[in-house]
Number of protein chains: 2
Amino acid sequence: MARRSDHSREQIQQMALDAARDIVARDGYTGLSARKVAKTIGYTVGTLYLVFANLDELVMRANAQTLDALYETMLATKARCKNARACIMALGRAYIRFASENTHLWGMIYEHPLPDRDAIPDWYRERVARNLALVEDTLQPLAKNTSAQELAVAARALWGGVHGICILALTNKLDVVGAASVPALVESLIDNYLKGLTANRQR
Amino acid sequence: MARRSDHSREQIQQMALDAARDIVARDGYTGLSARKVAKTIGYTVGTLYLVFANLDELVMRANAQTLDALYETMLATKARCKNARACIMALGRAYIRFASENTHLWGMIYEHPLPDRDAIPDWYRERVARNLALVEDTLQPLAKNTSAQELAVAARALWGGVHGICILALTNKLDVVGAASVPALVESLIDNYLKGLTANRQR
DNA sequence: ACCTGAACACCGTTCAAGT
DNA sequence: ACCTGAACACCGTTCAAGT
C-alpha cells in the first residue's frame, strides 16, 4: 500500500465532501464520522487529515456548499417574483422549503458549533454575507427613504426571524399545531413587519 | 464497594444534573460526557444508567431546568413593565439577556438534537408551552379583536423571530456589526411587527 | 438492592513506517 | 511523496460480579 496517487488532493477533498453530505443527508449530523467518510471513499482516516485540518474543517466546507445551494434557490426565487413585497414573501417560503427538503444538511449548519468569534474563515463569512445581501437587495425598493443602516437592520431582523421560526418549528420547539403552520407563521412575521416598516416611511 | 446507599435515587439524579449544568456552563455542550459527570459526583458511569435511561435523558432534564430558569426571568420581567407593548419589548430584551448570560446552557437546548417528532416527553413539552403561553398572555391586550388562533400565530411568530435573531447573532451567523446590535435587531422586529398587527385591528 | 469495573463497539487525531 | 495501520486518549452503554 501507500503511494497510490489514484486521485489528486482536490479530488480526495471533493470525494470526502460528497461522502460526508450523503451520510449527513441520510443519518444526520450525529451519524457523521471521519472513519465513515474515509471508508466510503476508499481511503484511510489518516488520509483525511492529509487533506483537511480536522473534521471541523470538513464540516464547515460541507456547510458552505449547503449555503451555496440555498443561495442558488433564493436567487432563482427572486428572478421569478413580481414586486418587492411579494419577493420577500417568496424568499421566506423558499427558505422554509429548502429547510424542509434538506433537513439534515441544513440542520448541520446550526448543530455544528462554530469556532471562536473571529476564527471563522473568510470563505465561510462570504457565504453568509452573500445570502444576507440578497435579502437586502430584495428589501431595497420597500425602503427607499431608509438609510443603509436601517436597511441592514431590517434584512437581518427578517432573515433571523424567518430562520428562528423554521428551526424551532422543525425541531418541535414551537408547539405548532393546526392552522399555525410554519408558512402561516412566516407569512405573519413578514406581512406585519413590512407593514410596520412601510408605515414608518409614510410618516 | 457496591451497596453504598449514601444517596437516594433522587439525590443522585439531582447531583448529576447539577454537575452536568456546571460542566456545560464552563465547557459547553461539547465538553459534556457521562464519565465526567460520574467522576464529578463520585460515582461510576454505570450508576448514571441506573438513574437515567441514557445521556439524552440527562441532557433533556438539564434543558428543562434551563427552560424553567428562563420562565422565571420572563415572569419577573412581565411583573415589572407598564403596557402591553412595553412588556413584549421587555420580554424580548430579557430573552437576549438570558441567552447572553447563559450562552452554553441556553445553547445546549438547541445543539442537542431532539428525539423523533412525538417521542418528546410531556414534562418537556409543558416547559415549552408554558413559555409560549406567557408571551401569548402578554400579547393579549394588543389583540383584543383578534381570534385565539391569530393570537397563537402572533406569539409564535414573535417568539421564533426573537429566538432566530439571538441564535444567529450569538453564533456569528448574522454578520452583525456596528449599530446593528442584537437588541437593535430585536427591537426592530418587535416594533414593526406590532405596528403591523395593531394596524390590522384598526381597519 | 445497590454499585462497581471491566468489556464492547465506537470516536478524533497523530505519526512512524512502508513503498 | 503519498498513504497506511496502529496507537493514544477518549466516547456511550451494558452487565456479570461483588457486597
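Here is the naming used below: chain letters follow the sequence lines, and residue numbers restart at 1 for every chain.
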Just compare [options] and give me whichever is closest to any side-chain atom of [X].
X        : options                  : answer
Asn54(B) : dT13(D), dG12(C), dT4(D) : dT13(D)
Ala34(B) : dG12(D), dT4(D), dC11(C) : dG12(D)
Leu55(B) : dC3(D), dT13(D), dC11(C) : dT13(D)

Gly31(B) or Asp6(A), whichever maps to the more 5' nucleotide of DNA chain D
Asp6(A)
Verify the contact: side-chain N or O of [X] to OP1 or OP2 of [N], cut-off strictly under 4.0 Å; return yes or no.
X        : N       : value
Tyr49(A) : dT13(C) : yes
Tyr43(A) : dT4(D)  : no
Ser5(A)  : dA1(D)  : no
Thr47(B) : dT4(C)  : yes
Arg4(A)  : dT4(D)  : yes

Send over the distance from [X] [atom1] to [N] [atom2], rounded to a whole Å.
X        : N       : atom1 : atom2 : result
Gln11(A) : dC2(D)  : CD    : P     : 13 Å
Leu50(A) : dG12(C) : CG    : P     : 17 Å
Asp27(A) : dC11(C) : CG    : C1'   : 16 Å
Gln13(B) : dC2(C)  : CD    : P     : 13 Å
Glu10(A) : dC2(D)  : CD    : P     : 11 Å
His7(A)  : dT4(D)  : NE2   : C1'   : 17 Å
Lys39(A) : dC10(C) : NZ    : C1'   : 12 Å
Ile12(A) : dA1(D)  : CD1   : C1'   : 12 Å

Suppose the criterion is ring pair (Phe, Tyr, Trp, His ring centres under 6.0 Å): which pairs have a residue in residues 41-77 of chain A, not counting sequence neighbours?
His7(A)-Tyr43(A)
Walk me through whether Thr66(B) and Arg21(B) qualify under side chain to side chain donor-acceptor pair (under 3.5 Å).
CA-CA 9 Å; Thr66(B) 305; Arg21(B) 291 173 62 80; 2.9 Å; yes
Would Arg61(B) and Glu57(B) count as a salt bridge (charged side-chain N to carboxylate O under 4.0 Å, His left out) here? Give the steps.
CA-CA 6 Å; Arg61(B) 294 267 175 205; Glu57(B) 198 206 328; 3.3 Å; yes
Counting Watson-Crick and G-U wobble pairs whose two distances are both under 3.5 Å, find the runs of 3 or more in a row that involve DNA chain D.
C:4-8 with D:12-16, C:12-16 with D:4-8
What I want to check is whether the side chains of His112(A) and Asp56(A) have a donor and an acceptor closer together than 3.5 Å.
yes
In terms of the angle between their ring planes, are Tyr110(A) and His163(A) parallel, tilted or perpendicular, with boundaries placed at 30° and 60°?
tilted
Residue among Asp175(A), Leu168(A), Leu189(A) satisfying side-chain contact (heavy atoms from CB on, under 4.5 Å) with Arg156(B):
Asp175(A)
Heavy atoms under 4.0 Å, any strand shown: does Ser33(B) hit a base, just sugar-phosphate, or nothing?
sugar-phosphate
Before you tell me yes or no, could you show the steps for Arg26(B) and Asp22(B) under salt bridge (charged side-chain N to carboxylate O under 4.0 Å, His left out), namely the whole-Å CA-CA distance, both residues' side-chain angles and the distance that decides it to 0.1 Å?
CA-CA 6 Å; Arg26(B) 199 184 339 109; Asp22(B) 275 358; over 6 Å; no
Crowding at CZ, Arg97(A) (>12 non-hydrogen neighbours, <6.0 Å)
no
